[in-house]
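Protein chains get the first letters and strands the later ones, always in sequence-line order, with residue 1 at the start of each.
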Protein chains: 2
Amino acid sequence: MTKKEIAAMSPAETEILRIVWELGAATVLEVVDQLPPERQIAYATVQTLLRRLEHKGYLKHKSRGKAHVFMASARKEEVISRTVKDFLNRLFGGDPVPLVQYLAEHGEITREDIDGLKKLIDKPKGK
Amino acid sequence: MTKKEIAAMSPAETEILRIVWELGAATVLEVVDQLPPERQIAYATVQTLLRRLEHKGYLKHKSRGKAHVFMASARKEEVISRTVKDFLNRLFGGDPVPLVQYLAEHGEITREDIDGLKKLIDKPKGK
DNA sequence: GACATTCTTTTACAAATGTACGATATCGGA
DNA sequence: TCCGATATCGTACATTTGTAAAAGAATGTC
C-alpha cells in the first residue's frame with residue numbers, strides 16, 4: 001500500500017466495475033445477468049463485490065424501489081489510467097510497446113484499428 | 001478457478017517474474033536490486049515470492065554456490081498471453097481497442113511505435 | 001392483512017496475498 | 001577449524017479475496 005488515494009481493486013471487482021460502467025447504472029440482478037456464461041457466480045457474491053467497490057470509492061448507489069442501483073462514483077478515465085499503468089508496470093516494467101506488440105502479433109487488433117489510432121495521435125485530443 | 005492448467009499469479013508475483021525474465025536468471029539479491037526505488041520490500045519477501053512462483057510452475061532454480069539462481073520455467077509468451085487476455089477481459093470485456101486507444105491518447109505510444117506495429121500486422125509472423 | 005417474492009444486510013470462512021522474522025545451513029577466510 | 005557473512009528454510013500472521021448461505025426488510029397481490 002504505497003500512497004494510493006483509492007484502494008486498488010481485485011480482479012473480480014474489476015470485472016464487476018466494468019459491467020456497471022457498461023450499463024451506466026445497474027442493480028445487482030442486472031449485473032448478474034450481464035456476466036459472461038463461463039463465469040456464473042451467485043447473486044450474493046456479486047452483491048458483496050458491489051458493496052466492496054462502493055466502500056473503496058469506485059461506486060455509489062441510490063435506491064429505486066427496494067433495489068439499489070449502483071453507478072460509477074470515481075472517474076472512469078482515472079480508474080482505467082491507474083489500472084492500466086499498474087498492469088503495465090508489473091508485467092512490462094512500464095513499457096507499453098511490448099503490450100501493443102503482443103496484441104498486434106496475436107491478431108487482437110487489426111489494420112483498421114491501427115489506422116484509427118494514428119489519427120488519434122496526429123490530432124491530440126481535448127486541446 | 002475455472003480450468004486453468006497453471007495457477008494464476010498475484011500482482012506482486014507478476015512483478016518479480018518480470019524481473020527474472022529481464023535478467024534471464026537471477027538470485028534473490030539480484031532481483032531485490034532490480035526493484036524500482038519506490039517499491040522497497042525485504043529480501044525475505046522477495047524470497048517468498050520467488051518460492052511461490054516456483055511452486056506455481058513459473059520458475060525453476062538451480063544452485064550456484066550457496067545461492068539459488070532462479071530462471072523461467074514456463075514459456076514467457078504463453079504466460080504473457082494468458083495474463084494480458086485475462087486483464088483485457090476484466091477491464092475491457094475482452095476488447096483490446098479501448099486499451100490501445102487509451103495508450104495512444106495518453107502519449108504512451110508514439111507514432112513510430114504505431115508504424116512499427118503496422119509492419120508487424122502486414123507481415124504475419126512465423127508463417 | 002397474510003403471503004410469496006424480491007432485495008438487502010449480516011455474517012462466514014477457506015484460500016490467497018503481502019510482508020517478514022528467526023533459525024539454520026554453507027562458504028570463504030584467518 | 002572456528003568465524004563472520006550470506007543464503008535459504010520454516011513459519012507466521014494480518015488482510016484481502018472469492019464465494020456464499022442465512023436472516024431480515026420491503027412490496028405487490030389476493
One pair to check against side chain to side chain contact (heavy atoms under 4.5 Å, CB included): A:V79 and A:M9. What are the steps and the verdict? CA-CA 10 Å; A:V79 174; A:M9 53 188 166; 3.5 Å; yes
Select base, sugar-phosphate, or nothing to describe what A:T45 touches, counting heavy atoms under 4.0 Å on all strands. base
A:L59 CG to C:dT8 P: how many Å, rounded? 14 Å
Taking CD from A:E13 and C1' from D:dT15, how many angstroms apart are they, rounded to a whole number? 13 Å
Report yes if a side-chain nitrogen or oxygen of A:H61 is closer than 4.0 Å to either non-bridging phosphate oxygen (OP1 or OP2) of C:dT8; otherwise report no. no
Is a side-chain donor-acceptor pair under 3.5 Å present for A:S73 with A:Y58? no
When the distance from CZ of B:R52 to C1' of D:dT11 is rounded to whole Å, what number comes out? 12 Å
Between B:T45 and B:I41 (side chain of the first, backbone of the second, donor and acceptor by atom type, cut-off under 3.5 Å), is there such a pair? no
Pick from B:D113, B:L99, B:I109: which one makes a side-chain contact (heavy atoms from CB on, under 4.5 Å) with A:P96? B:I109
Return the nearest nucleotide to the side chain of A:A12; candidates are D:dA20, D:dG18, C:dT19. D:dG18
Could you tell me how far apart B:R51 (CZ) and C:dA20 (P) are, to the nearest whole angstrom? 14 Å
In terms of relative ring orientation, are B:F87 and B:F92 parallel, tilted or perpendicular, with 30° and 60° separating the classes? perpendicular
Side chain to side chain contact (heavy atoms under 4.5 Å, CB included) for A:Q34 and A:I19? Distances and angles first, verdict last. CA-CA 7 Å; A:Q34 209 60 207; A:I19 293 178; 3.5 Å; yes
Just the rounded figure in Å: distance from C1' of D:dT11 to NE2 of B:H55. 14 Å
Kindly state which residues belonging to residues 21-34 of chain B come within less than 4.0 angstrom of DNA chain D, counting heavy atoms of the residue only, listed by number. B:V28, B:L29
Are B:S10 and C:dG18 close enough that a side-chain N or O sits under 4.0 Å from OP1 or OP2? yes
Do A:V32 and A:V69 belong to the same hydrophobic cluster, where Ile, Leu, Val, Met, Phe, Trp and Tyr are linked whenever their side-chain heavy atoms lie under 4.5 Å apart, directly or via other members? no
Under 4.0 Å protein heavy-atom contact, by nucleotide of nucleotides 22-30 of chain C - B base, S sugar-phosphate only: -----S---
Can you measure A:R64 atom CZ to D:dA26 atom P for me and round it to whole angstrom units? 18 Å
Between P on C:dT17 and OH on B:Y58, what's the gap in Å once rounded to a whole number? 10 Å
Salt bridge check: are A:R18 and A:E22 linked by an N-O gap of less than 4.0 Å? yes
Can you find a side chain N or O atom of A:R39 that sits less than 4.0 Å from OP1 or OP2 on D:dG18? no
Using the side chain to side chain contact (heavy atoms under 4.5 Å, CB included) rule, take A:E13 and A:L49 through it: C-alpha gap first, then chi angles, then the decisive distance, then the call. CA-CA 6 Å; A:E13 285 165 359; A:L49 264 3; 4.0 Å; yes
Roughly how many Å is it from CG in B:L35 to C1' in C:dG18, rounded to a whole number? 13 Å
Judged by each residue's nearest nucleotide on DNA chain C, which is more toward the 5′ side, A:V69 or B:A42? A:V69
